[in-house]
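Reading through the structure tokens given below for one structure.
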Amino acid sequence: MSLIEPRTLKGFRDYLPSAMVPREHLIDTARKVYKSYGFLPIDTPALEYEEILTGKGGDESDKQLYRFEDSGGRKVALRFDLTVPLARFVAQHSHELGLPFKRYHIATVWRGENTQRGRYREFMQCDFDTIGSESIACDVETALVIHDLLQAIGFDDFKIHVNNRRLLTGLLERLDLEGRSGAVLRALDKLPKIGPEKVAEEMATSAGVSAAQAREILTLASVSGTNDAMLAQLEPLVASSERGRDGLGKLATLLGSARAAGVSDKRLQLDVSIARGLDYYTGTVFETFLGALPTIGSVCSGGRYDDLASLYTKERLPGIGASLGLDRLLAAMEELKLLPEKPAVAPVFLPYFTESRLTDYFKLAARLRQSGLGVEFYPEAKKLGNQLKYADRRGFRFALVVGDSEWEAGRGQVKDLKTGSSASVPLETNGAVSAELLAALTASH
RNA sequence: GUGGCCAUAGCUCAGUCGGUUAGAGCACGAGAUUGUGGUUCUCGGGGUCGCGGGUUCGAGUCCCGUUGGCCACCCCA
């Protein structure tokens, strides 16, 4: 009989413990940061009616959608991001939620696009959004969450690029290019990659922008310097547009408030050229780059949208949020060797030494766990050397060696696997785990 | 979706001009005086040379297709 070749689909991955441990750690960190700002968890189905998911996002996301007919003949699709399901969710439940509604959502999404380093067809997003408020306070808070998140993950060298789309839409309005903002923005997004001339070319072909118009747009986009200097330079450029002035004012407030909250200008940078691909952003936009690995792209992106759920409800639901690119971030951390080689395990390793004492080992391990210590008991009474080798490879900190003589003496040998030293301590006092044992097993260096 | 490069052991790779039983390091398993790991030494298991077809007396090696990976474009986390 021929065997079935074990394999996974292109762009879909298995996660071994060495990959899963840092992954869970990252998710825990994100959860902790989101909660510290009052965001609440939600979840939605992986599968939605196709019409829910195809309504927005344009041709490009439609192409990348995994869709099929279920056995009941319904047209369904796998969610492509967490924002569209959020829109549906809020439209459906807004009366029970209360506004403003702050949620986070950590879940898998699927895109049938070509794979690349850090880019898969199944990947996880960690979104947080604030729905139902247009206050600039939410924009500030979004920046702070991104900042805290990256810092909590352990990055020191990163930069959040921030912009406001109203700057540009204000200018486009004045240039009578209002309807073509999407194409202009996409071209502008490539500025750092292909340079101003190519961008002007692309704007001419894709949006019919004249050379003079392109010059104005590029002048706006090429403003540089410190945040304060840029704000000053931008002022005259947008002065004639109310929308532009509003965008600039919001940026100034955002930068000032973030600074007051302790975010240094090194980490939050006004960048007029970032625009974000998706058309639904209307105000503040964010992209976050790692100083050590800018080529991997943005690891946390988001922005403000003023009509999140208009496809599903007549209620007006403005919002702002961002998404942490978990897989991209993990790929970056792996490349930068920020991930531990040995996954963390239970702190205490208990070798199975005296075969006839099985129940005693279980009793000892159970007591230690009740005292709050993680304990792994080796399942086979193999040679001690082999068991210690196993413990060493897994990265255990302590081995509690208890053999014939130890059982008889009522004492255990606590071996520090890092230093190789060991100490003999009593196993119990008055029928409970002895204080000496607990102390020896929780000692840290 | 378009284009380029690549595919040999679990991993990283060597394999001459097309020639005989396809190699190394790491990893894994066993052992080196009875109950002490990380270093060392010995031995061992593990390969449809991604898959399918073709050329040839003969293909890991050349050709075509296919699948997968990487990279660029597109798009995006």
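Naming: A, B, ... by sequence-line order, numbering from 1 per chain.
- Residue contacts for A:Tyr120: at a heavy-atom cut-off of 4.0 Å it reaches a base atom on one of the strands shown.
- Distance, A:Glu202 CD to B:C73 C1': 11 Å, rounded to whole Å.
- In this model, a side-chain donor or acceptor of A:Glu406 finds a partner on the base of B:G35 within 3.5 Å.
- Across the protein-nucleic acid pair, A:Arg393 atom CZ and B:C28 atom C1' stand 8 Å apart, rounded to whole Å.
- To the nearest whole angstrom, the two C1' atoms, one in B:C62 and one in B:G68, are 22 Å apart.
- In this pair, A:Phe123 lays its aromatic ring flat on the base of B:A77, centres within 5.5 Å and planes under 30 degrees apart.
- Residue-to-nucleotide contacts include a donor-acceptor pair under 3.5 Å from the side chain of A:Arg119 to the base of B:C75.
- Applying the 3.5 Å distance criterion, the base of B:A77 shares a donor-acceptor pair with the side chain of A:Glu113.
- Atom NZ in A:Lys198 sits roughly 16 Å away from atom C1' in B:C74 (whole-Å rounding).
- Using a 4.0 Å heavy-atom criterion, one finds that A:Lys415 contacts the bases of the nucleic acid, with or without backbone contacts as well.
- Protein atom CG of A:Asp392 is 4 Å distant from nucleotide atom C1' of B:G38, rounded to whole Å.
- Nucleic acid contact for A:Gln413: base, since at least one base atom lies under 4.0 Å from a heavy atom of the residue.
- Closest to the A:Lys383 side chain, of the nucleotides B:G37, B:U36, B:G31, is B:G31.
- In this entry the distance linking CG of A:Leu329 with C1' of B:C76 reads 15 Å, nearest Å.
- Partner assigned to B:C73 is B:G1, using Watson-Crick or G-U wobble distances below 3.5 angstrom.
- Between A:Ser422 and A:Lys382, it is A:Lys382 whose nearest contact on RNA chain B lies nearer the 5' terminus.
- One interatomic measurement links the two molecules: CG of A:Asn386 to C1' of B:U34, which rounds to 15 Å at whole-angstrom precision.
- Taking only distance into account, the side chain of A:Arg328 meets the base of B:C76 through a donor-acceptor pair shorter than 3.5 Å.
- Few gaps surround CD on A:Glu69; more than 12 heavy atoms of other groups in view lie less than 6.0 Å from it.
- When rounded to the nearest whole Å, the span between CZ of A:Phe353 and P of B:U36 equals 7 Å.
- In this structure, B:C41 forms a base pair with B:G31, meeting either the Watson-Crick or the G-U wobble geometry with both donor-acceptor distances under 3.5 Å.
- B:C75 and B:U2: their C1' atoms are spaced 13 Å apart (whole Å).
- Atom-to-atom, CG of A:Leu290 to P of B:A77 comes out at 15 Å; the value is rounded to the nearest Å.
- One P atom belongs to B:G65, the other to B:C41, and the distance between them is 48 Å to the nearest Å.
- At a cut-off of 3.5 angstrom, counting only N and O atoms as typed in the model, there is a donor on one side and an acceptor on the other between the side-chain of A:Ser405 and the base of B:G35.
- For the residue pair A:Ser421 and A:Asp416, no side-chain donor N or O sits within less than 3.5 Å of a side-chain acceptor on the partner.
- Using a distance-only test at 3.5 Å, with no hydrogens or angles considered, no donor-acceptor pair links the side chain of A:Arg411 to the main chain of A:Leu427.
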